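Remarks on the structure that follows.
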Amino acid sequence: MPAVSKGDGMRGLAVFISDIRNCKSKEAEIKRINKELANIRSKFKGDKALDGYSKKKYVCKLLFIFLLGHDIDFGHMEAVNLLSSNKYTEKQIGYLFISVLVNSNSELIRLINNAIKNDLASRNPTFMCLALHCIANVGSREMGEAFAADIPRILVAGDSMDSVKQSAALCLLRLYKASPDLVPMGEWTARVVHLLNDQHMGVVTAAVSLITCLCKKNPDDFKTCISLAVSRLSRIVSSASTDLQDYTYYFVPAPWLSVKLLRLLQCYPPPEDAAVKGRLVECLETVLNKAQEPPKSKKVQHSNAKNAILFETISLIIHYDSEPNLLVRACNQLGQFLQHRETNLRYLALESMCTLASSEFSHEAVKTHIDTVINALKTERDVSVRQRAADLLYAMCDRSNAKQIVSEMLRYLETADYAIREEIVLKVAILAEKYAVDYSWYVDTILNLIRIAGDYVSEEVWYRVLQIVTNRDDVQGYAAKTVFEALQAPACHENMVKVGGYILGEFGNLIAGDPRSSPPVQFSLLHSKFHLCSVATRALLLSTYIKFINLFPETKATIQGVLRAGSQLRNADVELQQRAVEYLTLSSVASTDVLATVLEEMPPFPERESSILAKLKRKKGPGAGSALDDGRRDPSSNDINGGVEPTPSTVSTPSPSADLLGLRAAPPPAAPPAPASAGNLLVDVFDGPAAQPSLGPTPEEAFLSPGPEDIGPPIPEADELLNKFVCKNNGVLFENQLLQIGVKSEFRQNLGRMYLFYGNKTSVQFQNFSPTVVHPGDLQTQLAVQTKRVAAQVDGGAQVQQVLNIECLRDFLTPPLLSVRFRYGGAPQSLTLKLPVTINKFFQPTEMAAQDFFQRWKQLSLPQQEAQKIFKANHPMDAEVTKAKLLGFGSALLDNVDPNPENFVGAGIIQTKALQVGCLLRLEPNAQAQMYRLTLRTSKEPVSRHLCELLAQQF
Amino acid sequence: MIKFFLMVNKQGQTRLSKYYEHVDINKRTLLETEVIKSCLSRSNEQCSFIEYKDFKLIYRQYAALFIVVGVNDTENEMAIYEFIHNFVEVLDEYFSRVVIMNYRNVEMTPESIILLFFYLRLMGTKYN
């Protein structure tokens, strides 16, 4: 880039900018800007042709106004003109304007593409670079379509200058990221790989970026890059600190390129060729060695750049996971960083070490740093660093250090930041379960968790402790004793009450022998918490009470009294009322035997993946799995630990609170069908809810999968919304409080593709989301619309995209309907719109001379071939706007045809699969009367009328 | 991979932004506000990397100006961190004293303001 030329004048621009800076108020600024805009407009519209310099100046001013945050709606044409200038600065400003204010106006795009094409072919490297930068900055699909095939050619051409190659590689990368389908793979790919050997480091850097992206999709095509990358890396790593001149950064040779090469190598497994591998290992060792050498500069930039390479090297070592020696060295290096005074390094070291911990080669080495990491958890001032420390402790945990780590994490939990408490709770719960040697320790740990951070203990955690206590009879007595003690605390968390209620209801008998925890004491202890609890907990406690009646017959009278109290039997909450009524009846009508059978201890839960682990995975998202499911390190875990299977299933744990007695499960495990004559009543009572879920789909669900016939009529605004899209292809089709539907479409000949974007504006997931396209009447034979299914769930704030492929078979008059149905918060929603596909979308513009036009006009002179409409203007009559609308409508605009320059004349062909319909149109504005006369002539009568109607609504 | 690049002043105004992936205009404002808030609330003792939603923010402060880069999970934090500095050095060299840049109070030649903008769009001869 040339140096800023201060003497190049543009005084007008300087004056304008300083005027703006001197404005005392926003109003003054706007006033000054409006004045300038008026001035520029008049200059652009004036008769006098502007020279390149003035054009550049005014376009600069417009850009500056845009930079200040104002909209610019003109000047595009002048900017496009600048593109064809031969002066660098003029061309540059032209491209800048286009890149910043790109407009999908089709005519301009054609002109711009033309200018770009010329510059790409110009063999002037500066111009070629400008053009490539413009393509990359706009990066639109249209540009991709126009140039994606040319750029690879420029990239690998032998005579391209370095700067051009560099720009071409980056430009191609950008296009590939935007629309991978447009970039053709082929013979050039092999030659791109060889750019890694290029003399120019800039070209190499750009090429590495491109290859790293391309090889993700076709790793085999680019496999040869491994050896080239290794030799390039080796040359950089072993070069002296000043060899690479411009690419040396504070005495570190090409740090970013090195990082990129190391990153590229991480796309592949270790090299198979022994020589290549040897060379690479040598490189990695050199990097590790250099970390120990005294720095060549005291500047922090030097060490930062060096460390960037070091961290990437360690990533590669971890990725290969095959060189024990290197892994251990990496771990030692990170260990040094753990105590570094720079927070950034401590953070990164903790993060990298976390992945090292999961390698069998370095796990032990990581473990030696446990004290440092625990110390970091206690003393770091930055929550992100503390969180990394907690992650690392989790990753390095195994049976040998579980007790220490869990207790440290519990201690940390007391002061932990709210943001990460839930995650710590989950981690503690998992570690405690996984590495439990004796279950009393496990129970203690979980109860401690509830005590310290009850609010953050999710259902999964306390369900899990109940499952484990239920399945292990050696811990039940201890659990009962411990919860009983925990419940003595004057204020205990509701989760504690839930766990306590459940465990005492099942195993309270195991501690009943002790007079300090006799049945009445247990009951009154639980009941003292009852009134402070939520409905769900109270429901659980009621189940505990009925279980107490079975376990301890002496409490029956007291409990029946409680159940019978008005506050239970007439409770406003249906669930509580039902439980009170049912349990009261059960306890009075059933014999002791029946009661004992119904209220038997819960059977063991089936073993499955710990739901907590599933939850942590969900929280972390995919990709974090490797650090978490370290089952391979500990394959011989005992049975509760063995439940951990790295299956992707996310089965939900049965909820003990809602289903304590198996009431809703079919078959109820604790209630065998009709065991005795008295059982009949019970079976009736219990059968009710059990039968319900097996009913067929509810009317609502049936409603959600409609046949094509029963969609509702279009919403009242549908026509108005459709009209907005007659002359444009992109925009927002519909929007209400819940949903936004955006449209992007393109048509060519008789084919079209439409992207519909459904945005969920709420924070709640939409369910059963199903958009369908329906063809009313004969449309089926006139228009083929192929839709792709979309996901049935749309998360809150998320957007889903649907692609429609459209083919126009013959001329049609009514648009297809789009029916959108979904459930929002349980309520079904439905909406029918008109899909913005009208016959004019299949217009192909036709240029013709005046003479031809009149000849054809005369040929179509039958009265039924013509449709005419005279109507009042609904919008201000602006010639430019009208022009844009007519172009958007699809016809070509013919200049110098109509003798009256105020009038517009257009021509085009409507392309359908079956036939083509030629159309001529003429629009005559009458500014005085604010009226228009629109005349259309086509070879088909309905088409003339329909087009006339469609177009008349646009003005 | 770099997702976006922001220059923000201490008052929380975005001075420049460049997105490398499509983000809706109204979402950008929201994102920028949140990003700035999380950077401003940090002290020198905290590290320069912030986990934010599903990506990471890497930021550096130059006088009253913050430069924030949003990257995805696989990026090398240290490389980006130093890249920001390299970038500022290049700007500094080219425009002199850009770090205290604020269009309104610093004297820059008119063309260079525009070129600066241009430059940001072409950014990264050494990195990208």
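Convention: sequence-line order gives letters A, B, ...; per-chain numbering from 1. Note that the structure is predicted; figures quoted are calculated from it, not measured.
- Atoms CG and CG, on B/Asn86 and A/Asn304 in that order, are 12.0 Å from each other to the nearest 0.5 Å.
- For the residue pair A/Tyr249/B/Glu82, the side-chain donor-acceptor check at 3.5 Å is satisfied.
- The CD atom of A/Gln266 sits 9.0 Å away from atom OG1 of B/Thr74, with the distance rounded to the nearest 0.5 Å.
- With hydrogens and angles disregarded, a donor-acceptor distance shorter than 3.5 Å links the side chain of A/Thr343 to the backbone of B/Glu45.
- Residue B/Asn44 places its CG atom among 12 or fewer non-hydrogen atoms of other residues, nucleotides or ligands, all under 6.0 Å distant.
- Proximity to chain B is absent for every atom of A/Phe16, based on heavy atoms less than 4.5 angstrom apart.
- Put simply, of A/Val383, A/Leu348, A/Ile309, A/Leu262, the one with the most heavy-atom pairs under 4.5 Å next to chain B is A/Leu348.
- Proximity of B/Phe49 to A/Arg388: side-chain heavy atoms (C-beta onward) are nowhere separated by under 4.5 Å.
- Note that CG of B/Asn76 is 11.0 Å distant from CH2 of A/Trp256, once rounded to the nearest 0.5 Å.
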(request) Decide side-chain contact (heavy atoms from CB on, under 4.5 Å) for B/Arg42 and A/Ser384; before the verdict, give the C-alpha distance in whole Å, the side-chain angles of both, and the deciding distance to 0.1 Å. (result) CA-CA 11 Å; B/Arg42 291 171 77 87; A/Ser384 353; 3.5 Å; yes
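- No more than 12 heavy atoms of other residues, nucleotides or ligands lie within 6.0 Å of NZ in A/Lys299, so this atom counts as exposed by the packing criterion.
- Ion pairing between a basic and an acidic side chain is recognised when a charged N comes within 4.0 Å of a carboxylate O; B/Glu21 and A/Lys177 show no such pairing.
- Looking at B/Glu51, only its side chain comes within 4.5 Å of chain A, counting heavy atoms on both sides.
- The minimum heavy-atom distance linking A/Val385 with B/Cys47 is given by the pair CG2-SG, 4.2 Å.
- In terms of heavy atoms, B/Gln46 sits closest to A/Arg381 at NE2-O, 4.2 Å.
- A/Leu345 has its side chain within reach of B/Met78: a pair of non-hydrogen atoms, C-beta onward, lies under 4.5 Å apart.
- In this structure, chain B has a heavy atom under 4.5 Å from the side chain of A/Glu351, while its backbone stays farther away.
- Contact tally against chain B (heavy-atom pairs below 4.5 Å) for A/Gln799, A/Gln301, A/Glu380, A/Glu312: the top residue is A/Gln301.
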